[in-house]
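What follows is a set of notes on a single structure, which appears directly below.
In this text the structure is predicted, and so the values were computed from the model without any measurement. Note: hydrogens, waters and symmetry copies are ignored here, and every other heavy atom, side chains too, is used.
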Amino acid sequence: MTASDKAVQLVRIAAEAAADKLADDILAYDVSEQLVITDAFLLCSATNDRQVRAIVDEIEERLRTEADAKPVRREGEREGRWVLLDYIDIVVHVQHEEDRTFYALERLWKDCPAITLPESVMQANLQRARVTDRHDLAPRADCERSA
């Protein structure tokens, strides 16, 4: 059994919405073989609580307008560190980057098939990764110069 066409469609819409709000490391897994409660997981992260909320809001808006889908459950919004949106067919996890690193959901689901995301999302992932890498390298270069 694989994720339904509806689940894949919802994942793609949600991934594009997350990318539009500058989410980091957007990944999707077909978990239909492992779980009976949903077909797919979408994972993404953000650098701060406000951005987590903005990503969640955009995903909800786009899924409502483009797929007439509303979450049956929404958890974690108050803290803004890890928001879970349950659409039955898919579950969206938007995490603060520290929580994403700590819980490492992708490690738990790495044996599940990845769902191919739209090219625009893949390009956004690459661009965000390059920018992050450059920012990570900049302080070290400054430290080396001042030494």
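Side-chain contact between Thr65 and Glu61: present, with at least one pair of heavy atoms (C-beta onward) separated by less than 4.5 Å. Two residues are said to be in side-chain contact when any heavy atoms from C-beta on lie closer than 4.5 Å; Arg73 and Leu84 meet this criterion. Looking at Leu43 and Asp25, their side chains never come closer than 4.5 Å, going by heavy atoms from C-beta outward.
The line from CZ of Arg78 to CG of Asp49 is 14.0 Å long, rounded to the nearest 0.5 Å.
The shortest heavy-atom contact between Ala14 and Leu42 is CB-CD2, 3.5 Å. Pairing each heavy atom of Ala3 with each of Ser32, the nearest pair is N-OG, 3.4 Å. Contact record, Gly76 with Val83: O-CG2, 3.7 Å, taken as the closest heavy-atom pair. In this structure, Glu16 and Ser120 approach most closely via the heavy-atom pair OE2-OG, 3.8 Å. Taking each heavy atom of Lys21 and Gln51 in turn, the nearest pair found is O-NE2, 3.1 Å.
A chain of hydrophobic side-chain contacts below 4.5 Å, direct or via other Ile, Leu, Val, Met, Phe, Trp or Tyr residues, connects Val92 to Ile26. Under the 4.5 Å side-chain heavy-atom criterion for Ile, Leu, Val, Met, Phe, Trp and Tyr, Leu27 and Ile55 are members of distinct hydrophobic clusters. If you chain together hydrophobic residues whose side chains sit under 4.5 Å apart, Val8 and Ile13 fall into the same group. Hydrophobic cluster membership is shared by Val121 and Val56, with clusters built from Ile, Leu, Val, Met, Phe, Trp and Tyr side chains linked at under 4.5 angstrom. The hydrophobic cluster containing Tyr29 does not contain Tyr87, counting ILVMFWY residues as joined when their side-chain heavy atoms lie under 4.5 angstrom apart, directly or transitively.
Evaluation of the side-chain contact (heavy atoms from CB on, under 4.5 Å) rule for Glu79 yields Arg81 as partners, not counting sequence neighbours. Every residue meeting the side-chain hydrogen bond (donor to acceptor under 3.5 Å, both in side chains) condition with Asp20, not counting sequence neighbours, appears here in chain and number order: Arg62. Residues passing the side-chain contact (heavy atoms from CB on, under 4.5 Å) test with Lys6 are Ser4, Leu10, Asp89, sequence neighbours excluded. Applying the side-chain contact (heavy atoms from CB on, under 4.5 Å) rule to Ala40 yields the partners Val11, Ile90, Ile115; only residues at least two apart in sequence or on another chain are considered. Remark: Val72 engages Asp86, Ile88 in a side-chain contact (heavy atoms from CB on, under 4.5 Å) (not counting sequence neighbours).
Partner of Trp82 under the side-chain hydrogen bond (donor to acceptor under 3.5 Å, both in side chains) criterion, out of Glu77, His93, Glu75: His93 alone.
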Table please: side-chain donor-acceptor pairs of residues 101-113 below 3.5 Å, with sequence neighbours left out.
from   : atom 1 : to     : atom 2 : distance (Å)
Thr101 : OG1    : Glu97  : O      : 3.0
Glu106 : OE1    : Arg100 : NE     : 3.1
Glu106 : OE2    : Arg100 : NE     : 3.4

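Counting only distance, with no hydrogens or angles, the side chain of Glu60 and the backbone of Pro71 share no donor-acceptor pair below 3.5 Å.
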